[in-house]
Each structure stands twice: as structure tokens, then as C-alpha cells.
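Let me begin by presenting the structure, written as C-alpha cells, before commenting on it.
Computed from a predicted model, the values in this text were never measured in an experiment. Below, chain A is the first sequence line, B the second, and so on; all start at residue 1.
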Protein chains: 2
Amino acid sequence: MNRVIRVLVADDHAVVRAGIVALLAAEPDIEVVGEAVDGEQAVELALALLPDLVVMDVRMPRLTGDAATARIRERSDTVRVLVLTTYESDASILSAIEAGASGYLLKAAPAEELIAGVRSVAAGEVALSPAIAAQLVSRMRMPAPSALTTRETEVLRLVAEGLSNRAIGERLFVGEATVKTHLVRAFEKLGVNDRTRAVTLAMERGLI
Amino acid sequence: MNRVIRVLVADDHAVVRAGIVALLAAEPDIEVVGEAVDGEQAVELALALLPDLVVMDVRMPRLTGDAATARIRERSDTVRVLVLTTYESDASILSAIEAGASGYLLKAAPAEELIAGVRSVAAGEVALSPAIAAQLVSRMRMPAPSALTTRETEVLRLVAEGLSNRAIGERLFVGEATVKTHLVRAFEKLGVNDRTRAVTLAMERGLI
DNA sequence: CCCGAAGTCCACCGATCGGTTGACCCGAGA
DNA sequence: TCTCGGGTCAACCGATCGGTGGACTTCGGG
């Protein structure tokens with residue numbers, strides 16, 4: 001039998017932290033060695049405590065789970081990261097995995113799945129919720145699934161705020177024609193033909 | 001000293017349930033007598049177990065926290081309800097209170113606040129997160145804050161799907177002119193002047 | 001019984017949007 | 001070096017949207 005799996009829990013919600021801790025602490029081979037309430041603290045504690053893995057929420061103040069994951073992975077190749085999210089449609093799934101996360105589970109997952117995920121990741125394997133795995137596969141089939149460019153995303157974000165094309169142009173210091181170009185391209189990528197649907201779809205996918 | 005406070009916990013996320021249970025069970029005067037994984041089960045267990053209060057999540061499968069609260073209050077005047085939400089902008093705050101909830105706390109609240117809230121509600125008082133209390137007050141100042149009519153909400157929902165005014169009219173079996181009327185009124189109530197912002201704002205407020 | 005809220009509908013007009021085509025610049029990579 | 005993707009801009013046109021003002025019906029409550 002290996003030594004105990006040392007875990008750092010990072011989530012801004014006290015209730016969720018307590019839940020993860022309660023579920024994990026009940027397992028004899030898992031020990032919770034610390035808790036962080038935001039992304040920055042997660043990075044600090046991860047580097048100070050060097051746990052086997054960090055169970056990390058995606059949406060946190062000060063530093064998102066993605067960014068925190070990237071920073072931890074940059075500075076340590078022993079600390080693995082298991083990301084938790086509420087929304088399976090979250091676009092951050094891809095970025096978290098790119099950032100070096102070893103697992104991605106839904107908060108709606110049953111306790112056994114979380115615990116099994118912790119053990120898998122600690123053993124060097126990958127842990128994915130079925131719903132998330134399915135989504136990854138479907139994204140693989142679609143070559144350019146979302147992949148909005150920086151500018152397109154910026155424009156769409158301002159559209160969501162209700163700005164007109166002209167106003168967006170002024171805000172970004174470009175011509176209205178440019179704004180329209182970005183929008184038309186975003187429409188094509190999203191498979192829609194009006195700004196409102198583009199915004200709601202982008203929101204569903206966590207793009208903006 | 002009074003007898004122990006008997007609590008039913010209702011949340012669809014195993015992690016959150018475990019968290020609430022862990023936090024409450026640590027208090028000597030609080031006992032968790034049951035857990036429900038959705039709204040319908042919350043109603044059933046509340047009526048079967050008759051706890052002093054139900055700690056209920058707003059967003060749950062099968063039956064929302066609002067609706068479950070209303071049903072419980074209809075059938076029992078001893079079981080109180082303390083509602084938990086992730087989003088302070090949730091429009092369900094009002095409907096939950098109308099439905100008879102005795103408290104409304106944010107999941108981001110610290111553990112002490114949750115525990116204090118449980119004791120307050122069990123004692124017959126009202127418990128509100130500061131952020132939520134502030135929002136209630138601001139709504140009081142604005143006489144008709146959101147209050148979109150049924151039709152306006154329907155129209156806005158279809159706008160969110162990217163339909164044109166004409167298409168919405170066809171879908172609802174009314175003229176395009178009618179759709180525009182509803183939209184203009186919704187714009188006034190929301191304080192915006194374009195459909196996209198109207199949709200994003202309505203989403204933020206949980207209106208659609 | 002009358003009033004107001006909600007829902008329905010119409011016409012008109014200027015502003016904006018969406019679609020199209022074509023063009024230029026720049027930087028990264030084949 | 002040349003290509004390609006990302007970003008920039010222009011002109012044009014039909015379609016749609018937003019704003020205004022008015023009108024009619026129904027239904028529930030004062």
C-alpha cells in the first residue's frame with residue numbers, strides 16, 4: 001500500500017470546501033492538507049505544501065482555476081490538478097486541460113466519482129466525467145468548434161453589453177466596418193446569423 | 001436550552017450536500033435528519049420527516065427550490081425553509097420569499113453565517129445575506145423593478161434564441177407589430193434600448 | 001360599473017444590422 | 001521567400017430593428 005494521498009482543496013465557497021473535505025477525509029488513504037479560498041492562495045499553498053494533487057474549482061476570485069492550474073504546473077511537475085466545475089458546457093474545460101489539469105469532474109458527480117477521480121489522478125491517470133469526456137470527443141470531430149479569435153471575443157462581449165457596432169468601434173479604436181467583419185466571422189464560426197443568438201450561444205459555451 | 005434543531009438538506013450536488021451536512025453536524029444543537037437530491041424529494045421528505053427547517057438549493061432538477069418551498073409551506077406551517085443560492089442576482093430571491101422562505105443565503109457565505117442562519121430561522125426569525133438584503137431594499141425603491149409580463153418574457157426568450165420579430169410572431173401566432181410592442185415595453189422595464197442587452201440583462205436577473 | 005393591466009394590432013420613419021465583395025498590412029511558419 | 005491567419009477598412013443594399021402614437025379587446029378588482 002502506498003502512502004496517503006495528500007490533497008489541497010481550493011474553492012471560494014465555504015460550503016463546497018467543507019463538502020469536498022468531508023467526502024475525502026472519510027477515506028483512509030486520502031488526507032486533506034490544506035484549503036484555499038481563491039486562485040492565488042491555491043497557487044501559494046500548492047507550492048508551499050506540495051500536495052499530490054489540488055482539487056480546484058474553475059470559478060474563483062482573483063485567479064481562475066485555469067490560470068491557477070497553469071501557474072502550478074509551470075512551477076511544479078509533481079503536483080497534479082483535478083478541476084471541478086458546475087457547468088459541463090464550460091469552455092474552460094479545454095483551457096484547463098491545456099493548462100495541464102489531469103482531470104475534470106462535474107460538481108454534480110456522485111461522491112464515489114470524486115473519490116475515484118482523486119485516486120486516479122494521484123496515480124498519474126486522467127479522470128473525466130462521462131459528460132465531459134463526451135464533449136471532448138465531439139469537439140474533436142468538429143475541427144474548429146468555437147475558436148473565436150481574441151478580437152471576435154472582445155467584440156462579442158461588447159455586443160452583449162448592448163453596444164451598437166459604431167459604439168464598439170469607438171471603444172476599440174477601430175472602424176465600424178471592422179467591427180462588422182469580426183461579427184460576421186463570429187457568426188459563421190458559431191453557426192448563427194444574428195448578434196443576439198451569437199451572444200447567448202457564446203455564453204452557453206462559456207466563451208464570453 | 002431548547003431541543004435539537006432538526007434539519008433536512010436538499011441539494012442536487014453531492015459535494016454541496018456533504019458540505020452543508022458537515023458544517024451543520026459539527027454543531028451540537030443541530031441535527032441533519034435527511035437529505036434530498038431534488039425538489040420533489042425535498043417536498044416528500046419535508047412532509048414525512050417534519051424537520052424544523054429545510055436548507056434548500058434554488059436550482060434543482062425536477063422541481064426548483066421556489067416551487068418546492070411553496071409546496072412545503074402549503075402543506076405545513078411548522079416546517080420553515082432556508083434557501084441557498086450561488087447567485088445574488090437571482091430573480092428567484094423574490095419568488096422564494098413570496099413562496100414563504102424564511103431566509104435566503106449565498107453559498108459563498110462563510111460557515112458561521114450559514115449556521116447562524118439556521119439558528120435564526122429555526123427560532124422563527126428571518127435570515128438574509130447582506131448582499132441579498134441590500135438587493136431587496138433596492139428593489140423596494142424601484143416600484144416595478146423587473147416584473148416582466150408573461151408575454152414579454154416569452155418574447156424575450158425567443159429573442160435569446162436568435163429569432164427575428166417576424167419569426168417570433170409566427171411562433172406565438174401574433175403579428176410582428178405585437179412582438180415589437182412587447183419588446184419595447186420590456187426594454188423600458190429593463191432600462192435598455194436594444195434586444196441583445198435586454199436578453200443578457202434578463203439572464204443576469206434570472207428572468208428568462 | 002368603470003378602470004387599469006395585459007395583450008393584440010396598425011402605420012410610418014430613421015437608424016442599424018447583416019451579407020457581400022474586395023482590399024491592405026503584418027507576423028509566424030512552411 | 002511565400003503563404004496564411006488575424007486584424008484592419010470601405011462601399012453598397014436589402015432587411016430588420018427601435019421609436020412613436022394610436023386603437024381595440026378582455027378580464028379582474030375597486
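The distance between atom CD of A:Glu154 and atom P of D:dG7, rounded to the nearest whole Å, is 8 Å. Nucleotide C:dT8 holds its C1' atom 9 Å from the CZ atom of B:Arg151, rounded to whole Å. Atom CD of B:Glu176 and atom P of D:dT16 are 8 Å apart (whole Å). Atom NZ of A:Lys180 and atom P of C:dA15 are 15 Å apart (whole Å). Nucleotide C:dT20 holds its C1' atom 15 Å from the CG atom of A:Leu183, rounded to whole Å. In this structure, CZ of B:Phe173 is placed 12 Å from P of C:dC9, rounded to the nearest angstrom. In this entry the distance linking CD of B:Glu188 with C1' of C:dA6 reads 14 Å, nearest Å. Remark: P of D:dG6 and CG of A:Leu148 are 11 Å apart, rounded to the nearest angstrom.
Between B:Ile72 and B:Met56 the shortest side-chain heavy-atom distance falls below 4.5 Å. Annotation: side chain of B:Val192 is in contact with side chain of B:Phe187 (closest heavy-atom distance under 4.5 Å).
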message: Before you tell me yes or no, could you show the steps for A:Val79 and A:Leu8 under side-chain contact (heavy atoms from CB on, under 4.5 Å), namely the whole-Å CA-CA distance, both residues' side-chain angles and the distance that decides it to 0.1 Å?
response: CA-CA 10 Å; A:Val79 179; A:Leu8 170 67; over 6 Å; no
query: Could you go step by step and tell me if B:Val174 and B:Arg151 meet the side-chain contact (heavy atoms from CB on, under 4.5 Å) rule?
result: CA-CA 11 Å; B:Val174 299; B:Arg151 217 48 168 168; 3.6 Å; yes
Sequence-aligned protein contact record of nucleotides 21-26 of chain D, with B where the base is within under 4.0 Å of a protein heavy atom and S where only the sugar-phosphate is: ------
- request: Could you encode protein contacts along nucleotides 24-30 of chain C as a string, one character per nucleotide from 5' to 3', using B for base contact, S for sugar-phosphate-only contact and - for no contact, with a heavy-atom cut-off of under 4.0 Å?
  value: -------
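The residue among A:Thr178 and B:Val192 whose nearest nucleotide of DNA chain D lies closer to the 5′ end is A:Thr178.
A salt bridge links A:Arg197 with A:Glu204: the distance from a Lys NZ or Arg NE/NH1/NH2 to an Asp or Glu carboxylate oxygen falls below 4.0 Å. The residues A:Asp194 and B:Arg195 are annotated as not salt-bridged, no charged nitrogen and carboxylate oxygen being separated by less than 4.0 angstrom.
The side-chain contact (heavy atoms from CB on, under 4.5 Å) check on B:Thr153 picks up B:Leu148, B:Arg157, B:Ile208, with sequence neighbours excluded.
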Donor-acceptor list for residues 32-41 of chain A side chains, cut-off 3.5 Å, not counting sequence neighbours:
from    : atom 1 : to      : atom 2 : distance (Å)
A:Glu35 : OE1    : A:Arg17 : NE     : 3.2
A:Asp38 : OD1    : A:Glu40 : N      : 3.0
A:Asp38 : OD1    : A:Gln41 : N      : 2.8
A:Asp38 : OD2    : A:Arg62 : NE     : 2.9
A:Asp38 : OD2    : A:Arg62 : NH2    : 3.2
A:Glu40 : OE1    : A:Arg62 : NH1    : 3.2
A:Gln41 : OE1    : A:Val37 : N      : 2.9

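Candidate nucleotides D:dG7, D:dG18, D:dC9 were compared by shortest atom distance to the side chain of A:Thr149, and D:dG7 ranks first. For A:Phe187, counting side-chain heavy atoms from C-beta on, the closest listed nucleotide (C:dG18, D:dC9, D:dG18) is C:dG18. In this structure, the nucleotide among C:dG7, C:dC10, D:dG7 sitting nearest to the side chain of A:Thr150 is D:dG7.
Inter-axis angle, ends of the helix from C:dC1-D:dG30 to C:dA30-D:dT1, five pairs per end, rounded to 10 degrees: 40°.
For the contact set between residues 158-166 of chain B and DNA chain D, defined by any heavy atom under 4.0 Å, the members are B:Ser164, B:Asn165, B:Arg166.
When atom types are taken as modelled, the side chain of A:Glu152 and the backbone of A:Thr149 share a donor-acceptor pair closer than 3.5 angstrom.
A:Val7 pairs with exactly one of A:Val121, A:Val118, A:Asp52 by the side chain to side chain contact (heavy atoms under 4.5 Å, CB included) rule, that one being A:Val118.
Taking CD1 from B:Ile115 and CD1 from B:Ile30, the interatomic distance works out to 6.0 Å, rounded to the nearest 0.5 Å.
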